[in-house]
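First up is the structure itself, then whatever we jot down about it.
Note that the structure is a prediction, hence the values are computed from the model and not measured.
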Amino acid sequence: MNATGDYATHEMDSCCQPNSTHLSYDEALQVLDNHCRDIQHKTEQIPLATAVHRVLAKDVVLDRDEPPLARSAMDGFAVLNCDGVALREIVAVNYAGDVGKLSLGPGQAIKVMTGASVPTNADAVVMVEHCQVNGTQLSVTELPRKPHIRQIGEIASLGEVAVKAGQIIGAGEMATLASCGVSTVEVYPRPRVAIVSTGDEVVPYAGEVLAHQTRDSNRLMLEAQLQQFGACVVESRHVLDDINPLSAAIESLLPQADLLITIGGVSMGDKDYLPQVFSQLGIKKLFHKVSMRPGKPIWAGYHQQALVLGLPGNPVSAFVGSVLFARPIVDAFLGSFARRVTPRLAVAGSEFKSKARSDFIVANFDDSSKVVATISSGSADWRSLTATQVLALVPPNSIIAVGDQIEVIPV
């Protein structure tokens, strides 16, 4: 269920009380990790041109030395340094793409363009700015301090790993893979995700809304997050707070999904039916409730090969829970559990405080690249998500002062 601002305050206050029966965030993540180790990974071959944002499943190695020939690093003249500054005869021009003349005699020079092959015995390229040309005669005004030649294998050697398995393929990886002569790549399939939002008060976000109703924005948010994580959203729907429709929807979606995510209905309200529904459907619980804020009521379990994640209904809680738990599960299907939730160190630009459990505060970087909390009125304040760049991790019973180091998790 999505909740109102009043409920958000109550949730956050109640979460401040320590409860030894609740797992810590680290413990909950470890429970998921232990379970996800049993995932049977499959791979598929796809055209390189369609591989952006996919995860490479197998190392790709170079099919030749790079560069395969000595090449000029600039426009100029290939020379023998032993000729000093004496006049040279220009005997050829090598353009990029030409096989060109591949040896120099004493007192000779070859005009070369950036990327052109350089004679095998040339030991320098003199940049154009340090040359004077009169017909076929070359006068060098200054010998180079660096050779300005990219030697054979200078970038990498035949058989060397160019892109490692587990790498998310971005623009740079695309260029590298193409430079290795790769036309298809072996990648992990995108995990299939089904999303169910719950709540009698929830109505379509694009339609008319009454004062007592809440737009179904969380589901759209989760769809965007899961696509960014690298998953494929195969089904997304809203279901009212009624045991039978909830049970029917979840039962029908489980066979379609590697990961089923619900939004709302997992806390302590009279209509928070999902834990009961999960149990009736034979979904085995891994944990319910984590000592963290926001998102304490989070539920996790599994049914056969599918993972099930029940997120709280407040938008910030759902957002944070998705980053901290849905993304590691997606990563598990993509070959490496939790590769993107490893905290990084940053410098606090504002004070951060916590009470009896871990706080994950939506935050961003200020103009001096320090971490500051995003202005928020609580876990129901969806506005705070528009500026969020990281989650700032504040351990239980901690105060992190301005200028102190703080752990952050990119979102």
With side chain to side chain donor-acceptor pair (under 3.5 Å) as the test, would you mind laying out the steps for D26 and Q30 before giving the verdict? CA-CA 6 Å; D26 288 338; Q30 186 61 57; over 6 Å; no

To the nearest 0.5 angstrom, please state how far the CZ atom of F360 sits from the CZ atom of R293. 12.0 Å

So how far is it from S350 OG to I361 CD1, rounded to the nearest 0.5 Å? 8.0 Å

Sorted by first residue and then second, give each salt bridge (charged side-chain N to carboxylate O under 4.0 Å, His left out) pair with at least one member in residues 34-43; sequence neighbours left out. D33-R37

So does S384 get a backbone contact from the side chain of T388, meaning a donor-acceptor N/O pair under 3.5 Å? yes

For residues 336-351, which residue pairs pass the salt bridge (charged side-chain N to carboxylate O under 4.0 Å, His left out) check, not counting sequence neighbours? D331-R339, D331-R340, E351-K353

Would you say the side-chain atoms of D381 pair up with the backbone N or O of S376, donor to acceptor, closer than 3.5 Å? no

Indicate yes or no for a side-chain donor-acceptor contact from H238 to the backbone of G199 under 3.5 Å, with no hydrogens or angles considered. yes

Give me each pair satisfying ring-ring contact (aromatic ring centres under 6.0 Å, His included) with a member in residues 383-411, each pair once, sequence neighbours excluded. none

In chain order, what residues pass the ring pair (Phe, Tyr, Trp, His ring centres under 6.0 Å) check against H35, with sequence neighbours excluded? Y302

May I have all residue pairs that pass side chain to side chain donor-acceptor pair (under 3.5 Å) and include part of residues 46-55, sequence neighbours excluded? E44-R54

Could you tell me whether a side-chain N or O of S354 sits under 3.5 Å from a main-chain N or O of N397, the two making a donor and an acceptor? yes

Pairs under 3.5 angstrom only: tabulate donor-acceptor contacts from the side chains of residues 249-265 to other protein residues two or more places apart or in another chain.
{"residue": "S252", "atom": "OG", "partner": "A248", "partner atom": "O", "Å": "3.3"}
{"residue": "S252", "atom": "OG", "partner": "A249", "partner atom": "O", "Å": "2.8"}
{"residue": "Q256", "atom": "NE2", "partner": "S252", "partner atom": "O", "Å": "3.2"}
{"residue": "D258", "atom": "OD1", "partner": "R192", "partner atom": "NH2", "Å": "3.3"}
{"residue": "D258", "atom": "OD2", "partner": "R192", "partner atom": "N", "Å": "2.8"}
{"residue": "D258", "atom": "OD2", "partner": "R192", "partner atom": "NE", "Å": "3.3"}

Please list all pairs meeting salt bridge (charged side-chain N to carboxylate O under 4.0 Å, His left out) that have one or both residues in residues 385-411, counting only residues at least two apart or in different chains. none

Kindly state each residue pair satisfying ring-ring contact (aromatic ring centres under 6.0 Å, His included) with at least one member in residues 324-353, sequence neighbours excluded. Y25-F325, F287-F325

Would you list the pairs meeting ring-ring contact (aromatic ring centres under 6.0 Å, His included) in which at least one residue belongs to residues 174-227, sequence neighbours left out? H41-Y188

Between V239 and R237, does the side chain to side chain contact (heavy atoms under 4.5 Å, CB included) criterion hold? Intermediate values first, please. CA-CA 7 Å; V239 182; R237 66 176 73 166; 4.2 Å; yes

Is the backbone N or O of Q151 less than 3.5 Å from a side-chain atom of E154, with the two atoms forming a donor-acceptor pair by type? yes

Smallest heavy-atom separation, S247 atom then V277 atom, equals CA-CG1, 3.7 Å

Does a donor on one side chain and an acceptor on the other come within less than 3.5 Å for S368 and D366? yes

Can I get a per-line list of side-chain donor-acceptor pairs under 3.5 Å for residues 164-182, giving both atom names and the distance, sequence neighbours left out?
{"residue": "Q167", "atom": "NE2", "partner": "E173", "partner atom": "OE2", "Å": "3.3"}
{"residue": "E173", "atom": "OE1", "partner": "G170", "partner atom": "N", "Å": "2.8"}
{"residue": "T176", "atom": "OG1", "partner": "G172", "partner atom": "O", "Å": "3.1"}
{"residue": "S179", "atom": "OG", "partner": "A175", "partner atom": "O", "Å": "2.8"}

E66: which residues meet the salt bridge (Lys or Arg N to Asp or Glu O under 4.0 Å) condition with it, sequence neighbours left out? R64, R71

Spell out, as yes or no, whether a donor-acceptor pair under 3.5 Å connects the side chain of S72 to the backbone of G115. no

Quick check: are there more than 12 heavy atoms from other residues, nucleotides or ligands sitting under 6.0 Å from CD of Q45? yes

Any side chain to side chain donor-acceptor pair (under 3.5 Å) involving residues 113-126? Give me the pairs, sequence neighbours left out, ordered by first then second residue. D75-T114

How far apart are the C-alpha atoms of T214 and E201, what are their side-chain angles, what is the distance that settles it, and do they pass the side chain to side chain donor-acceptor pair (under 3.5 Å) test? CA-CA 6 Å; T214 300; E201 79 281 18; 4.9 Å; no

With no hydrogens and no angle check, is any side-chain donor or acceptor of E27 less than 3.5 Å from a backbone partner on S24? yes

